[in-house]
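Below is one structure; the comments refer to it alone.
Chain naming here is simple, since letters A, B, ... match the order of the sequence lines and numbering starts at 1 in each. Keep in mind that what you see is a predicted model, and the values were worked out from it rather than measured.
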Number of protein chains: 2
Amino acid sequence: MSDLLERLRGRGWRMTAQRRVVAEVLDGEHVHFTADEVLARATARLPEISRATVYNTLGELVSLGEVVEVATDGRAKRYDPNAHHPHHHLVCSHCGAIRDVHPTGDPLAALPTSERFGFTIREAEVTYWGLCPACTGT
Amino acid sequence: MSDLLERLRGRGWRMTAQRRVVAEVLDGEHVHFTADEVLARATARLPEISRATVYNTLGELVSLGEVVEVATDGRAKRYDPNAHHPHHHLVCSHCGAIRDVHPTGDPLAALPTSERFGFTIREAEVTYWGLCPACTGT
DNA sequence: TCCTACGATGGACTCAATCCAAGTCAATAC
DNA sequence: GTATTGACTTGGATTGAGTCCATCGTAGGA
């Protein structure tokens, strides 16, 4: 899965040290970081990188479709590098941890025309809420 | 549907002018206000009400289960007074407008045990994204 | 190697939401 | 009706996430 950089280069994305570091952080681990966590990890590799650059780069990766923005609740947005496999999310209501899940069927099909109110619907997003194994005990 | 105040009183909720006004704002119209919109409408009826009180009251209504907090994307949270009829949401990605919808079937059933990763799942929340009739043209 | 348009910087700013110490008042008891 | 009291309200300060912008730096083409 480590060809994110190749893909970006292939698309004519201007490569800079900062952008490479952000892409590497996202590509490296399959967790869902907040922008601040990305910043922290990027800073570890390239100390002078700025917050604005991290936001710019994340925003660009999102609009390129390489990364998906996940907004759960009022917490900070998280960035999901697993954009090429459609999936949904399972969120721990206690600690905020996120896992990718793949439910069966198509949720779009469950919405009859009479319930669409003239909207042009583009996608359905399913979030499952619960307690992760670590938080179940507490 | 205007018995929200009755229900609250019945539950021993301490009634104050501020709380009544907030409850009335939510009860009156079936749209999904942001906290600021609630504050604006509450202020129109009771000019000296403070922002903190609106947040406190909204938070309390949420934990009483009388109102549902809807967080879509990075925008401000919205408050949905239609808490007694389970439903999902249709959001306009352009203007942020929200409508309640009732898809068929149970999204929880679509998640096989093998995809639950030991989580204790409490609920599934489906958000449909699209453009509302007013924004489709632009 | 040189140019230059695109990208990065960082500090100020916005916006939503929360905190807190002091003041107020609804509901209960008398 | 009055006194009491603990829960509620206030508003200004604060936090946290994210954006803006004028200026500086540099990747990549000529």
message: Once side chain to side chain contact (heavy atoms under 4.5 Å, CB included) is applied, do any residues pair with A/A17, and if so which ones, sequence neighbours excluded?
response: A/R20, A/L46
task: Applying side chain to side chain contact (heavy atoms under 4.5 Å, CB included), name anything that partners B/T34, two or more places apart in sequence or on another chain.
output: B/D36, B/E37, B/A76, B/R78
message: Tell me every residue that passes side-chain hydrogen bond (donor to acceptor under 3.5 Å, both in side chains) with B/S50, counting only those two or more places apart in sequence or in another chain.
response: B/T53
message: Tell me the interatomic distance from A/L39, atom CG, to D/dG16, atom C1', rounded to whole angstroms.
response: 14 Å
Counterpart residues, ring pair (Phe, Tyr, Trp, His ring centres under 6.0 Å), relative to B/H89 (two or more places apart): B/H32, B/H87
List, with names and distances, any nitrogen or oxygen atoms from the protein found under 3.5 Å away from nitrogen or oxygen atoms belonging to nucleotides 28-30 of chain C.
none

field: Whole angstrom value for the distance that separates P of D/dG16 from NZ of A/K77
entry: 18 Å
query: Atom CZ of A/R51 and atom C1' of C/dA12: how far apart are they, to the nearest Å?
result: 13 Å
field: Rounded interatomic separation in angstrom, taking CG from B/L46 and P from C/dC25
entry: 11 Å
statement: Contacts of B/E123 meeting side chain to side chain contact (heavy atoms under 4.5 Å, CB included) (sequence neighbours excluded), chain-then-number -> A/W129
- prompt: Sequence neighbours excluded, which residues qualify as side-chain hydrogen bond (donor to acceptor under 3.5 Å, both in side chains) partners of B/T127?
  reply: none
- line: Residues passing the salt bridge (Lys or Arg N to Asp or Glu O under 4.0 Å) test with B/E115, sequence neighbours excluded, are none
Angle of first-five versus last-five pair axes in the helix from C/dT1-D/dA30 to C/dC30-D/dG1, to 10 degrees: 30°
Between P of C/dC15 and CG of B/D36, the distance in whole Å: 10 Å
query: Short question: side chain of B/Y128, backbone of A/R116 - any donor-acceptor pair under 3.5 Å?
result: no
- prompt: Taking the side chain of B/A52 as its heavy atoms from C-beta onward, which of D/dT19, D/dG12, C/dA17 lies nearest to it?
  reply: D/dG12
Pairs under 3.5 angstrom, nitrogen or oxygen only, protein versus nucleotides 5-8 of chain C, please.
unit_1 : atom_1 : unit_2 : atom_2 : d
C/dC6  : O4'    : A/R14  : NH1    : 3.0
C/dC6  : O2     : A/R14  : NH1    : 3.4
C/dG7  : OP1    : A/R19  : NH2    : 3.4
C/dA8  : OP1    : A/T16  : OG1    : 2.7
C/dA8  : O3'    : A/Q18  : NE2    : 2.8

query: Would you say D/dT19 has OP1 or OP2 under 4.0 Å from some side-chain N or O of A/Y55?
result: no
query: By side-chain hydrogen bond (donor to acceptor under 3.5 Å, both in side chains), which residues pair with A/R122, not counting sequence neighbours?
result: B/S93
field: Residues which pass side chain to side chain contact (heavy atoms under 4.5 Å, CB included) with B/R19, listed by chain and number, not counting sequence neighbours
entry: B/W13, B/R14, B/T16, B/T57, B/E60
message: I need the CZ-P distance between A/R20 and D/dT26, as an integer number of Å.
response: 14 Å
statement: Looking only at heavy atoms, the pair that brings A/P86 and A/H102 closest together is O-CD2, 3.6 Å
